[in-house]
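Beneath this line is the structure, given in structure tokens, with notes to follow.
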2 protein chains.
Amino acid sequence: MKIEDFTVEQLEQAASMLKAIAHPVRISILNYLDGGNKLTVTEIHQLLNIEQSTTSHHLGILKDKGVLASKREGKNTYYFLKHPNLSKIVECMTNCFKQDS
Amino acid sequence: MKIEDFTVEQLEQAASMLKAIAHPVRISILNYLDGGNKLTVTEIHQLLNIEQSTTSHHLGILKDKGVLASKREGKNTYYFLKHPNLSKIVECMTNCFKQDS
DNA sequence: GCTGTATATTTATATATTTGTATTAATAAA
DNA sequence: TTTATTAATACAAATATATAAATATACAGC
């Protein structure tokens, strides 16, 4: 599938997914969820050392745009990548910096 | 290099590069520049059927954030990918949609 | 029911982005 | 030097986003 074949809607969805990822906190979240990892809001907010409400907000954005999915188990909500594929984006960015150094 | 080893500055730069890409027009531009293609502002504005000034603006953002580089030749300015690697991001997004269908 | 823990939402303020129109700058050719 | 072409910039209006603080909801255990 080439991008020329994208409908306007698909192009906009792709942009909105990328935009969701394009934030230091959210790149870090994606990194922790690489390889099928599932983490709770509390785990992530402690790992990143940011407020719980801020963490939930960022996770909400990623879920809303289709980057993450979540599954509630008792008191906890586990978040994980919706498309394993998406961790390649973070990988790709690290490669760019590898070339620089 | 893992993302944990990123400095805050590198993480912010990665985010700002992704943010630059995260727009329907700019994803389309990246797609046209895949594979080492070099195109002028006019060519891109005609391909995408958008205003010249809008095109120049989007190209400026991509260049400013380190996604594209440019080279002036006479009246024309050719734009091209700074890291061949970056076209993998567009590729990755297309794969996400491939899985959906 | 009530209490504590885990998440989510709302709200307000500040800031940034997108887009078009108009203008300006740079180069090439006549 | 005048003109045509190409590209970049300035400006303004509408829209979107980031952030933190406060509040609300969901669930488990008692």
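Listed pair B/Ser53 / D/dA8 fails the phosphate criterion, with no side-chain N or O lying under 4.0 Å from OP1 or OP2. Phosphate contact (OP1/OP2 of D/dT5, side-chain N/O of B/Asn76, threshold under 4.0 Å): absent. Contact between the side-chain N/O atoms of B/Tyr79 and the OP1/OP2 oxygens of D/dA8 is found at a separation under 4.0 Å.
Atom P of nucleotide D/dT9 and atom NZ of B/Lys63 are separated by 9 Å, given to the nearest angstrom. In this structure, A/Leu47 places its CG atom 16 Å from C1' of C/dA6, rounding to the nearest Å. Here the P atom of nucleotide C/dT7 and the NZ atom of A/Lys71 are 15 Å apart, to the nearest Å. One atom, CG of B/Leu39, and another, C1' of D/dA7, lie 15 Å apart when rounded to the nearest Å. In this structure, A/Asp64 atom CG and C/dT10 atom P are separated by 12 Å, rounded to whole Å. Distance B/Lys75 NZ to C/dA29 P: 7 Å, rounded to the nearest Å. Atom-to-atom, CZ of A/Arg72 to C1' of C/dT5 comes out at 11 Å; the value is rounded to the nearest Å. Rounding to whole angstrom units, CD of residue A/Glu51 and P of D/dA20 are separated by 8 Å.
Residues in residues 8-26 of chain A take part in no salt bridge (charged side-chain N to carboxylate O under 4.0 Å, His left out) pair, two or more places apart or across chains.
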Going 5' to 3' along nucleotides 14-19 of chain C, which nucleotides have protein heavy atoms under 4.0 Å from the base (write B), which only from the sugar-phosphate (write S), and which from neither (write -)? ---SSB
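Among the protein residues, A/Tyr78 comes within range of no part of the nucleic acid, since none of its heavy atoms lies under 4.0 Å from any strand. A/Gly60 comes within 4.0 angstrom of nothing in the nucleic acid, heavy atoms only. In this structure, B/Ser56 reaches the bases: a heavy-atom distance under 4.0 Å links it to at least one base atom across the strands shown.
Under the 3.5 Å distance criterion, the side-chain polar atoms of A/Ser56 are left unmatched by any main-chain donor or acceptor of A/Gln52. Between the side chain of B/Asn37 and the backbone N or O of B/Tyr32 there is at least one donor-acceptor pair closer than 3.5 Å. Judged by distance alone, the side chain of A/Gln10 and the main-chain N or O of A/Thr7 form a donor-acceptor pair under 3.5 Å.
Remark: the B/Lys63 side chain and the B/Ser70 side chain contain an N/O donor-acceptor pair separated by less than 3.5 Å. In this model, a donor atom of one side chain and an acceptor atom of the other lie less than 3.5 Å apart for B/Ser87 and B/Asp34.
Cluster membership check: A/Leu47 shares its hydrophobic cluster with A/Val41, using side-chain heavy-atom separations under 4.5 Å among Ile, Leu, Val, Met, Phe, Trp and Tyr.
The base of D/dT6 does not come close enough to the side chain of B/Thr40 for any donor and acceptor atom to sit less than 3.5 Å apart. A donor-acceptor contact under 3.5 Å links the side chain of B/Gln52 to the base of D/dA8.
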